Amino acid sequence: MQNEIANYSKSEAKRELARLSLLLKRANQAYHRDDDPIISDSEFDKLKALNQEIEKHFPELKRRDSQSQTVGAKPARGFSKIKHSIRMLSLANAFDENDLIEFDIRVKKHLGLPEVHQISYVAEPKIDGLSLSLRYEKGRLIYAVTRGDGEIGEDVTENARTIKSIPEMIESDYDVLEVRGEVYISHEDFLSLNKKQEEKGEKPFANSRNAAAGSLRQLDNEITKHRPLKFFAYAWGEASKALGQTQFAAIAKLNSLGFETNPLTKKTNSIMGLIDHYKLIEQKRNSIGYDIDGVVYKVDDLSLQLRLGFTTSTPRWAIAHKFPAELAWTFLKKIDLQIGRTGALSPVARLEPVTVGGVVVSNATLHNEDYIAGLDSNGGIIRDGKDIREGDWVQVYRAGDVIPKISDVDVSKRIQVSQTFNFPINCPSCNSSTVREENDAVRRCSNFFDCPAQVIEKLKHFVSRRAFDIDGLGEKQIEQFFHYKWISEPSEIFELEENYLQDLLEKDGWGVRSVENLVNSINEKRLISFEKLLFSLGIRHLGEGGSRLLARHYLTWSNFSKAMENISNLESDSWDDLISIDGVGDMLANSLMNTFNSERQKAQIYRLVSKLNIEDQEHRIESDGKFSGKKLVFTGTLEKMSRGEAKMHAERLGAQVAGSVSAKTDLVIFGPGAGSKLKKAEVLGIRAIDEDEWIKLIGTE
Ligand code: IVH
């Protein structure tokens, strides 16, 4: 190459540098901006080396836009992130009238109201778009953020400013007002947008929700500007003063401030009223002009909403009543088994592709062996007891965004020789024996540490988007590195650079740039939040909600690990303390105990932790923090509010609620039937108050 270059004439060199500059720029953009590389890493490296070599021979020809200095530098990509001042939650679902009645009962129970009491609700369509939070300060739009994971979303302000139904300025005397709602595209606009996409030779969108999401998340707001996005306001986040005393009044206020609100919003004070409105909206579904996937019911009185509060991910004061799922018949070609990170053997139906509700479906979950046999998790009969076999005609349905399921089998189409499906007794990955625990429909591979499929799935979970989210280390790379025997547990990801850098550089598909990027993104993630770390560990029953609860309770890894070390010691309070956390049930508590009782599992976790820098959880104390830092214990029966509500108020005001009284307890709240805990408080000289006094203290009367 060097000889050739030395023979270049000046004009040849100049032309070649211009060509390389263009090529490298395009390749960089495709790689970094569009996530869609046009050349391989090694080709890229070769072109870059050639560029550098020519520049070395003809330094006077070096272009101002030369790409030779950009090795490893990663151009800014995507949107910056913004933390929501108040979390953006999702909604719990109701699928039939029964679920709705149960919701109403739960609401009253939580509020300590009799069942005959009638609660006022607001019902409105559930728009199938994507949610957005708009922050106004002194009437001016400051930023617009997508929901993201509910805590942190993407800053799409410049794109939101191009949407006509989002005002830039609102006439208001609110210092801060966060307006929340849904961005969507109407049916008519969706059809013409897709027509344009096709005319331009671009891929049409699968449905209007995808089109809305794809349009709002454009890096170039010139593109968003030409997309027909609209916005309905239906909620709010931070507000420097109240929008009203009821949901209905607050929505009317948003409307008067210049936001579009849904005209099918209705207030009613009976469940029958809600059902009537649901039926009306369902009737109008096809003529309404935009996609809706159900009806949302919200408790109208905002002071009751406040008392009801939230579970880990949804408000207790609202529910989404979903429209029935769409159905389609298709042929079941094969039943495959997948092994999950907890060893669960999950059967999957491979289907002849079929369109269900606008989406092509080719796989459906079959849950477990009982489900295939026609039994539900309690041993009850489903599908009239019809089993599912390879070669069957099956009815597939989708409800919302969930994985497709099978609702029925056409036995009349079954061929004579068809055979019941034999669920394997040994693990299809490692051939170890499988076990089915009592009261568990799931069969699991017993080879927890060494089953290749389990190990790979655990690693995939560890690097997944909601866990460590390591750029450049996706499912494909995890499989590769596992097969090279470079990683078999999470801690080894952080040893890759030390042990296998040279080997990786020699592998096909890896170049200097991609290896450098990978190493950087792994090192970036050595600093991790306590909550994310907990979720990433992949402990059974410990999801994101549970991880958040544990992180908020223990605050630091060191507190948590000490508590876990003590958890099976009957002398210590660790177990009581763990199960006193609102939202932590026996299943999670037992799973944590099993994890920390296993020396091998514990060692894996500690090896990982030794490579990390774990950020402590910020202690979230609400503004008035009346009980901040205080430890409270409830005992006996509360008569005016449920335990759940009482705990929620305590935590809202900064307290920690414990299950047992100790010298560290600050306050005991007792009701009728209080026994040994109240006595212990007396002995220890701890202040004890009854429910009336408690209600006065928290000020909900
Ligand atoms: S209320 C605190 N109202 O549905 C809960 N959500 O499945 C605030 N959605 O994330 C949400 N229409 O994106 C609410 N009328 C409506 C809605 C609505 C659509 C979306 C929203 C939410 C999702 C939950």
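This structure is a prediction, so every number in the text was calculated from the model and none was measured. As the structure lists them, so they are numbered: ligands from 1, and atoms in each ligand from 1. Numbers here are sequence positions counted from 1.
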Tabulate below the donor-acceptor pairs under 3.5 Å that side-chain atoms of residues 258-266 make, not counting sequence neighbours, or state none.
residue : atom : partner : partner atom : Å
Thr261  : OG1  : Asn255  : ND2          : 2.9
Asn262  : OD1  : Leu264  : N            : 2.8
Asn262  : ND2  : Tyr290  : OH           : 3.0
Thr265  : OG1  : Asn262  : O            : 2.6

Applying side-chain hydrogen bond (donor to acceptor under 3.5 Å, both in side chains) to Ser547 and not counting sequence neighbours gives none

Arg161 versus Leu141: any side-chain heavy-atom pair under 4.5 Å? yes

Atom pairs and distances, side-chain donor-acceptor, residues 244-253, under 3.5 Å, sequence neighbours left out:
residue : atom : partner : partner atom : Å
Thr246  : OG1  : Ala249  : N            : 3.0
Gln247  : OE1  : Gln305  : NE2          : 3.0

Quick check for students: name every N or O atom pair between ligand 1 and the protein closer than 3.5 Å, with distances.
residue  : atom   : partner : partner atom : Å
ligand 1 : 3 (N)  : Lys298  : NZ           : 3.0
ligand 1 : 4 (O)  : Lys126  : NZ           : 3.2
ligand 1 : 7 (O)  : Lys126  : NZ           : 3.2
ligand 1 : 9 (N)  : Tyr234  : OH           : 3.4
ligand 1 : 10 (O) : Arg147  : NH1          : 2.7
ligand 1 : 12 (N) : Ile127  : N            : 3.0
ligand 1 : 13 (O) : Ser131  : OG           : 3.3
ligand 1 : 13 (O) : Glu182  : OE1          : 2.8
ligand 1 : 13 (O) : Glu182  : OE2          : 3.4
ligand 1 : 13 (O) : Tyr234  : OH           : 3.2
ligand 1 : 15 (N) : Glu124  : OE2          : 2.7
ligand 1 : 15 (N) : Pro125  : O            : 3.2

I want to know whether Tyr297 and Phe103 have ring centres closer than 6.0 Å. no

Using only atom types and a distance under 3.5 Å, with no angle test, would you say the side chain of Ser580 pairs donor to acceptor with the backbone of Val657?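 A pair under 3.5 Å: yes.
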
